[in-house]
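Below you'll find the structure, written out as structure tokens, and then a few comments.
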Amino acid sequence: MPRTLITSALPYINGIKHLGNMVGSQLPADLYARYLRARGHEVMFICATDEHGTPAEIAAKKAGQPVAEYCAAMWQVQKDLADGFRLSFDHFGRSSSPQNRRLTQHFAGRLDTAGLVEERASRQVYSNADGRFLPDRYVEGTCPNCGYERARGDQCENCTKQLDPTDLIAPRSAISGSTDLEVRETKHLFLLQSRLRDELDAWIDAQRGWPVLTTSIAKKWLHDGDGLQDRGITRDLDWGVPVQKGDAPWPGMEGKVFYVWFDAPIEYIAATNEWADANGGDWERWWRTDRGADDVRYVQFMGKDNVPFHTLSFPATILGSGEPWKTVDYLKSFNYLNYDGGQFSTSQGRGVFMDQALEVLPSDYWRWWLLSHVPESSDTEFTWEAFQTDVNKDLADVLGNFVSRVTKFCRSKFGEAVPAGGEWGLGEEALAKTLAARLAAYERHMDAIEIRKSAAELRAIWVAGNEYLQEAAPWATFKTDPDKAAMQIRLGLNLVRLYAVLSAPFVPDAAATMLRSMRVEGADWPTDVAEALGALPAGHGFEVPEVMFAKITDERRADWAARFAGARG
RNA sequence: GGCGGUGUAGCUCAGUUGGUUAGAGCAGCGGAAUCAUAAUCCGCGUGUCCGGGGUUCAAGUCCCUGCACCGCCA
């Protein structure tokens with residue numbers, strides 16, 4: 001059985017993610033995971049919350065909670081939303097887990113042993129009032145270049161000049177506003193990525209068929225300017241993985257933690273470990289090529305902003321360890337989803353957030369629209385008008401109405417059981433042939449993770465059913481040849497079953513409704529279309545389902561457009 | 001400022017290694033049908049492929065350049 005490991009980029013813990021975050025990682029990853037499971041693959045689908053770092057500490061402070069408590073609560077919120085969107089993770093972990101702590105410390109120890117870690121002294125701003133070192137971007141002050149009063153310590157966003165926190169005039173803490181700051185000397189560990197450049201370069205070159213977006217970003221970072229830079233992997237914070245060399249203490253690094261970007265990707269591995277601990281499975285057969293993972297295909301999903309970390313930093317950690325860890329085989333990256341002419345923005349509360357989306361509509365509406373418009377090759381625009389017309393057309397009119405017209409016609413003419421009589425003619429053979437060709441194309445696109453094309457093909461499969469019905473016209477046939485009408489509608493009911501199976505990766509709830517109404521459990525992916533269209537035999541009972549997709553009215557659309565136009569309320 | 005991306009029908013987007021009359025869905029117009037959530041099906045697109053140069057027998061597709069928009073700059 002083919003085995004596929006799938007990871008989605010980790011959502012950060014400090015709040016509820018918006019649709020733009022989800023569409024570039026978790027949602028397409030889920031689509032692929034569901035599809036492969038349906039095709040009989042053994043799948044391990046992993047996601048987790050990314051919990052460490054200063055933004056989490058600040059969010060917790062704002063919420064008036066200890067950071068560990070805040071993260072635990074937010075993890076539950078994100079877990080519930082993931083469930084709401086039917087994201088079928090095998091495990092949704094936490095980067096603050098003991099498993100991740102152990103593995104992060106392990107990797108750091110291995111990297112040190114390999115001579116890839118170096119201690120360097122640096123001068124950083126310390127806030128007495130906050131009792132902590134301040135990351136560069138959390139120091140604010142007046143820009144020495146343009147006089148802008150709210151310049152950040154890493155850069156002035158007014159004149160875009162790159163800054164050092166010590167350049168700022170009248171610096172203050174962005175956390176507390178305190179001006180009681182001083183510069184202190186502190187020591188940090190650096191990962192000597194520059195020494196791994198050739199190895200990483202060769203590794204990237206060895207990858208076949210990766211999207212241009214992915215490799216071009218990686219190559220740029222490897223070769224531009226001074227090339228790949230060494231990277232600080234520790235911070236002076238309380239919240240994080242304590243710096244240790246494996247199980248042993250790290251002299252001189254007491255009280256420091258690893259940088260969030262060092263431990264976050266390791267959580268992919270650790271989350272699988274969490275899964276094993278919770279379910280009694282073996283996680284190493286997914287991750288260690290010396291322990292059974294050599295036949296695993298590993299696919300990652302992420303937004304384009306995450307690509308450098310997954311093509312360079314994380315591989316540097318893994319390759320540098322000198323141990324036989326599984327590296328990514330295919331990296332699917334996405335562009336951005338824009339919202340009504342601008343960006344989705346977490347900080348400004350602009351756009352639709354996961355909780356709000358589920359408040360107004362069932363998850364299938366969102367899954368279908370977002371996946372069929374996923375920003376694969378360029379940024380994509382979300383507008384309420386497009387969302388309304390697309391969803392009404394595709395889900396309500398094409399798919400939902402198909403189920404409705406078939407089941408209701410049958411109920412009124414033959415009763416609520418698959419009718420007997422009649423035999424296939426040319427029209428039915430032609431339909432089977434068309435569907436077989438479309439199914440092959442659908443599978444080809446899904447295998448290649450070409451999501452928009454897959455969605456278009458699935459839609460064409462739905463349309464083929466309506467075309468057939470229009471041509472066969474059982475309502476007319478019924479008057480002259482009831483047996484033939486019975487055969488036609490028997491085929492229609494079987495199409496409903498087939499559509500449920502094929503549509504499940506995109507719209508799992510609707511698929512479940514369709515199967516339930518056809519009184520079918522656990523239908524297999526079709527290998528032969530003609531055969532699949534005879535799966536429901538004459539006499540098999542069914543029910544007419546409730547309207548599967550209510551249409552979005554102009555009033556509701558206008559209401560939502562207004563509600564989500566400004567800041568999150 | 002540097003780097004990267006994008007610019008194709010009213011809208012959202014496809015257009016493999018350059019190759020016949022540039023495509024899809026939606027919207028729009030016309031028609032058929034009436035089983036169905038007034039839902040379906042059929043037919044209809046001469047669009048300076050952002051502008052300007054260039055390479056080539058041949059460019060939306062490669063090169064140079066200009067413009068516009070977007071993003072990133074650890």
Side-chain angles (χ1 to χ4, degrees), chain A residues 135-137 145 154-155 157 159-163 191 193 209 212-213 215-221 223-226 228-233 259-261 303-309 312-313 333 335-338 341-343 369 372-383 385-414 445 448 450 452-453 455-460 462-479 485 488-489 492 544-553:
Chain A
D136 291 355
R137 51 188 277 228
N145 189 48
D154 53 350
Q155 181 182 31
E157 59 184 29
C159 68
T160 74
K161 184 178 170 60
Q162 306 252 2
L163 300 171
L191 177 60
Q193 297 186 128
V212 178
L213 183 65
T215 47
S216 69
I217 292 173
K219 284 289 182 181
K220 170 183 176 296
W221 283 50
H223 299 295
D224 272 16
D226 299 329
L228 192 60
Q229 298 297 297
D230 297 336
R231 199 169 60 106
I233 57 168
Y259 179 40
V260 58
W261 260 113
K304 58 185 172 186
D305 52 328
N306 266 327
V307 169
F309 299 101
L312 302 171
S313 305
S333 57
N335 291 285
Y336 291 140
L337 181 69
N338 289 321
Q343 290 184 56
W369 196 90
S372 61
H373 293 80
V374 67
E376 258 174 329
S377 55
S378 64
D379 291 355
T380 295
E381 185 76 12
F382 174 92
T383 65
E385 290 76 10
F387 177 73
Q388 179 196 21
T389 56
D390 291 343
V391 157
N392 283 352
K393 186 73 179 172
D394 297 349
L395 296 181
D397 298 348
V398 175
L399 177 61
N401 182 56
F402 177 79
V403 174
S404 196
R405 67 195 296 206
V406 168
T407 54
K408 286 184 179 174
F409 179 78
C410 187
R411 180 173 64 183
S412 75
K413 305 298 185 195
F414 300 101
H445 291 139
E450 297 264 16
R452 275 175 177 251
K453 288 177 181 171
E457 203 58 48
L458 177 59
R459 187 186 187 282
W462 298 339
V463 168
N466 281 313
E467 282 172 355
Y468 169 76
L469 273 192
Q470 209 62 30
E471 177 70 25
W475 49 89
T477 317
F478 183 77
K479 294 169 188 163
Q488 292 169 332
I489 214 64
V544 175
E546 296 293 304
V547 167
M548 294 204 306
F549 297 101
K551 290 206 201 193
I552 298 170
T553 61

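Note that the structure is a prediction, hence the values are computed from the model and not measured. Proteins get letters first, then strands, A, B, ... in listed order; numbering begins at 1 in each.
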Quiz prompt | Test item: A:S372 and A:R459 side chains (from C-beta on) under 4.5 Å apart, heavy atoms | solution =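 A:S372 does not reach A:R459 side chain to side chain.
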In Watson-Crick or G-U wobble terms, both distances under 3.5 Å, what is the partner of [N]?
N	answer
B:U55	none
B:G30	B:C42
B:G25	B:C11
B:G71	B:C3
B:U17	none
B:G47	none
B:U61	none

Minimum heavy-atom distance [X]-[Y], with the two atoms named:
X	Y	answer
A:L395	A:F549	O-CD1, 3.3 Å
A:W369	A:L337	CZ3-CD1, 4.3 Å
A:W462	A:V398	CB-CG1, 3.6 Å
A:I552	A:N392	N-OD1, 2.8 Å
A:A473	A:Q488	C-OE1, 4.3 Å
A:A485	A:T477	N-CG2, 3.8 Å

Rounded to whole angstrom units, what separation is found between the [atom1] atom of [X] and the [atom2] atom of [N]?
X	N	atom1	atom2	result
A:E381	B:C11	CD	C1'	10 Å
A:N338	B:G5	CG	C1'	12 Å
A:F382	B:C13	CZ	C1'	16 Å
A:H373	B:C11	NE2	P	15 Å
A:E385	B:G28	CD	C1'	17 Å
A:Q388	B:C11	CD	C1'	14 Å
A:E471	B:C41	CD	C1'	9 Å
A:R231	B:C73	CZ	P	15 Å

For atom [atom1], what is the distance between [N] and [M], given to the nearest Å?
N	M	atom1	value
B:G43	B:U48	C1'	29 Å
B:U6	B:C62	P	10 Å
B:G51	B:C44	P	28 Å
B:U34	B:A38	C1'	10 Å
B:C72	B:U21	C1'	42 Å
B:A58	B:G45	C1'	26 Å
B:A27	B:C11	C1'	7 Å
B:G15	B:C57	P	29 Å

Practice problem: Report the C-alpha separation of A:E450 and A:E457 in whole Å, then their side-chain angles, then the decisive distance to 0.1 Å, and conclude whether the side chain to side chain contact (heavy atoms under 4.5 Å, CB included) test is met. | Solution: CA-CA 11 Å; A:E450 297 264 16; A:E457 203 58 48; over 6 Å; no
At a cut-off of 3.5 Å, list every protein nitrogen or oxygen paired with a nitrogen or oxygen from nucleotides 23-26 of chain B, distance to 0.1 Å.
| unit_1 | atom_1 | unit_2 | atom_2 | d |
| --- | --- | --- | --- | --- |
| B:G25 | O3' | A:R459 | NH2 | 3.4 |
| B:C26 | OP1 | A:R459 | NH2 | 3.2 |

Self-check item: Any donor-acceptor pair under 3.5 Å from A:T407 side chain to A:V403 backbone
Solution: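 Yes.
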Quiz item: What pairs with A:K453 under salt bridge (Lys or Arg N to Asp or Glu O under 4.0 Å), at least two apart in sequence or on another chain?
Solution: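 Salt bridge (Lys or Arg N to Asp or Glu O under 4.0 Å) check on A:K453 returns nothing, list empty.
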Exercise. Take nucleotides 31-37 of chain B nucleotide by nucleotide from the 5' end and write B, S or -, depending on whether a protein heavy atom sits under 4.0 Å from the base, only from the sugar-phosphate, or from neither.
Key: --SSBBB
Practice problem: Measure centre to centre between the rings of A:Y468 and A:F402, then say whether the value is under 6.0 Å. | Solution: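 No, too far apart.
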